[in-house]
There are 2 protein chains.
Amino acid sequence: MTKTLNRQVQLVRRPQGAPVPGDFRIVDGRVPAPSEGQMLLRNLYLSLDPYMRGRMNDSRDSYAPPYALDAPLGGGTVARVVRSRLDSFAEGDLVVTPDAGWQTFAISDGIGLRRLPNDMEQPSQALGVLGMTGFTAWWGLTAIGRPRAGETLVVSAAAGAVGSVVGQIGRLLGCRVVGIAGGADKCRQVVEEMSFDACLDYRAPDLPVRLREAAPDGIDIYFENVGGAVREAVWPFLNNDARVPLCGLVSGYNGITEGTGGIHALLMSLIVKRIRLQGFMNAEHLDCFSDFERQMRGWLDAGHLRAHETIVDGLDQAPAAFVGLFEGHNTGKLVVRLPE
Amino acid sequence: MTKTLNRQVQLVRRPQGAPVPGDFRIVDGRVPAPSEGQMLLRNLYLSLDPYMRGRMNDSRDSYAPPYALDAPLGGGTVARVVRSRLDSFAEGDLVVTPDAGWQTFAISDGIGLRRLPNDMEQPSQALGVLGMTGFTAWWGLTAIGRPRAGETLVVSAAAGAVGSVVGQIGRLLGCRVVGIAGGADKCRQVVEEMSFDACLDYRAPDLPVRLREAAPDGIDIYFENVGGAVREAVWPFLNNDARVPLCGLVSGYNGITEGTGGIHALLMSLIVKRIRLQGFMNAEHLDCFSDFERQMRGWLDAGHLRAHETIVDGLDQAPAAFVGLFEGHNTGKLVVRLPE
């Protein structure tokens, strides 16, 4: 084993726009030796994911720390324990690692590792459908999307790792599922193999027309993986009370397509910081009105809360008072009093 | 009573940009007579609200139907029943109406009305702190904002009808509350009378610097009433897992400041359609991982779900495979297999 070399893929420069093979270098080095409290892992499967592009930039514009140059890239793997100086793991154990990365061997202290059955038939699934990819699809769809049977779910990057799982789960939960993917071949695959109800090729013309046909009742959930022009096409078809789990914006990861003040930057900030942005309409929640009244009345009566009002006398004054609303003339609630 | 005239404020043309008094007309007409199943109301208080500006446009870019021209404007009121041909209401009853509008008298069939104590001391509060305004503040803050004691809440249009209530509730729930308002006078009022911890004048220079000082731990909840430059200044200070209840974007209601493809239009669509837009990060929800695994494993084992993978052999192939991720080369999960 020690005669073997540790092959690594290192990042040698930060990609400008789309990554190119020259941004990477393959290096063979010595296999590291585990200290007490560590173990040596041999990677069997490495997950490749779009979020890695963000980590190749030297900025915090991602949800994971930037990769160092001239060091192996990080990334989730399935690995076998080849030597353990840890009580909790033994040689031969199969594990999922969060970041053992683009290399043959890695040292681990066991933290963050998930154990797999040693004889697991398809260990790569622990990176995909049964791993963080599947979990991303499942959590984003169920916790944010909250699908109800009969609703319409649209999934961008439908043929991708996350999208293909989102769509299948959506179908299992009773949604009508429309995918969006690039090219007729992928779209066929999305429908035939991934059981979506329909799939639209975003490269073909008239996407809005085809969306209207494929989602005649509008869109209740849009699971967003790409952003950009696809998001723009989908947006007008969102129904009231739609939910949009923002999983990725891969159309913008390579660059330079929009400035920092644009929509891509705004949406990206929601992902990076896990922000919830939600419009609401008071009239739709009137079932809570009596709770509100009770609490508010209590605070008012106890003197904990004050009612601030600007009262204008006479209906004739209403137009000028309304104009003043936008010029900051009032404080508190603006009310016109009519003589009784 | 029938000798009295019904004074109305009518919309005579749709405002271009900011409304001006000439967009309105005052008309005196006959007091309408209630038919069987109706009643005649005399308005005592009329609520004036920024959302009305949207209804003055001839478009669906609001959450309420557009106002008709040459007809009285709609709006919530407190009213007294002056004549009733309904069993459920009697002369002298005090009610809140959702849309009896900018006029002295209105006909109602009783639908959507809320009854008030006939001798209520300050009936205008039923439009403000104890009405839809207060409810908007309370619901948006508690249901979307989900404040926790010790968190920092920033409120734009802090001196306004909704903002002044949001801030006071935030304080009662244990938040540090920072308002943003226009002018030193309003800011003083927001702190001294509305009990905010601090208030920043957005018209003064260096808002970001002052925000950093006023919210040294960052912002956990941003209750948004205005949009535009204030939102831009606040945005970088949002913490991870921040919640942004989008209540209004009054900076843009008068027009023309941003195109339909811009951020204002995007955020406005969230309000108009009550859309929830949320970024997320799988690693923060690992407490749900075993639930996920159980459900997913069940679907996989039952053959209801398929695991789609693109497997590439050899670490040397990883860079090219990664580059291909952005060119749509793979379907399903992209995994690199390393020889064991």
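Proteins get letters first, then strands, A, B, ... in listed order; numbering begins at 1 in each. As the structure is a prediction and not an experimental result, all values here were calculated from the model.
Ring-plane geometry between B:F289 and A:F135 is classed as tilted, the angle between the planes lying from 30 to 60 degrees on a 0 to 90 degree scale. By the 30° and 60° cut-offs, the orientation of the rings of A:W139 relative to B:H285 is parallel.
For the set B:P21, B:G145, B:A318, B:P123, the count of heavy-atom pairs under 4.5 angstrom toward chain A peaks at B:A318. When the candidates B:V20, B:I311, B:D49 are compared by the number of heavy-atom contacts under 4.5 Å with chain A, B:D49 comes out ahead. In terms of heavy-atom pairs under 4.5 Å with chain A, the best-connected choice from B:L305, B:T133, B:L172, B:V9 is B:L172. Of the listed residues B:L325, B:N240, B:L270, the one with more heavy-atom pairs under 4.5 angstrom with chain A than any other is B:N240. Ranked by non-hydrogen atom pairs under 4.5 Å with chain A, the options B:G183, B:P236, B:P19 are led by B:P19. When each of A:L127, A:D241, A:I26 is scored by its heavy-atom pairs under 4.5 Å with chain B, the top score falls to A:D241. Most heavy-atom pairs under 4.5 Å with chain A: of the set B:M194, B:H304, B:Q189, this distinction falls to B:M194. Options A:L286, A:V165, A:T142 differ in how many heavy-atom pairs under 4.5 Å they form with chain B, and the most are formed by A:L286.
A distance of 7.5 Å separates CG in B:L338 from CG in A:L44, rounded to the nearest 0.5 Å. Rounding to the nearest 0.5 Å gives a distance of 9.0 Å between CG of B:L300 and CD of A:Q122. Atom CZ of A:R274 is separated from atom CE of B:M281 by 5.5 Å, given to the nearest 0.5 angstrom. Note that OG1 of A:T331 and CG of B:D185 are 10.5 Å apart. Values are rounded to the nearest 0.5 Å. For the atom pair CD of A:Q317 and CG of B:L48, the computed distance is 11.5 Å after rounding to the nearest 0.5 Å. One distance of note links CZ of A:R337 with OH of B:Y45; it measures 5.0 Å at 0.5 Å rounding.
Between B:Q168 and A:H308, some side-chain heavy-atom pair lies under the 4.5 Å cut-off. Under the 4.5 Å side-chain criterion, counting only non-hydrogen atoms from C-beta, A:N43 is not in contact with B:V336. Residues B:V129 and A:E309 have side chains not in contact (no heavy-atom distance under 4.5 Å, counting atoms from C-beta outward). You'll find the side chain of A:R297 reaches within 4.5 Å of the side chain of B:L130, heavy atoms only.
Side-chain atoms of A:S47 and B:K333 form a donor-acceptor pair, as typed in the model, at a separation below 3.5 Å.
Proximity to chain A involves both the backbone and the side chain of B:E340, based on heavy atoms less than 4.5 angstrom apart. There is no contact between B:P98 and chain A, counting heavy-atom distances below 4.5 Å. Proximity to chain A is limited to the side chain of B:R80, based on heavy atoms less than 4.5 angstrom apart. For chain A, no part of B:A157 is nearby; none of its heavy atoms comes within less than 4.5 Å. The part of B:R114 that comes within reach of chain A is its side chain, from C-beta onward, which places non-hydrogen atoms under 4.5 angstrom from that chain. For B:I275, the parts lying under 4.5 angstrom from a heavy atom of chain A are both the backbone and the side chain. Only the side chain of B:W299 comes within contact range of chain A, with heavy atoms under 4.5 Å apart. Using a 4.5 Å cut-off between heavy atoms, A:Q125 touches chain B through backbone and side chain atoms alike. Neither the backbone nor the side chain of A:A320 comes within contact range of chain B; no heavy atom of the residue lies under 4.5 Å from a heavy atom of that chain. Looking at B:L334, the atoms closer than 4.5 Å to chain A (heavy atoms on both sides) sit in the backbone and in the side chain alike.
For B:R25, the salt bridge (charged side-chain N to carboxylate O under 4.0 Å, His left out) criterion is met by B:D70, not counting sequence neighbours.
Using modelled atom types, no side-chain atom of A:K186 and backbone atom of B:H329 make a donor-acceptor pair closer than 3.5 Å.
Closest non-hydrogen pair, B:T136 versus A:F280, comes out as O-CE1, 3.6 Å.
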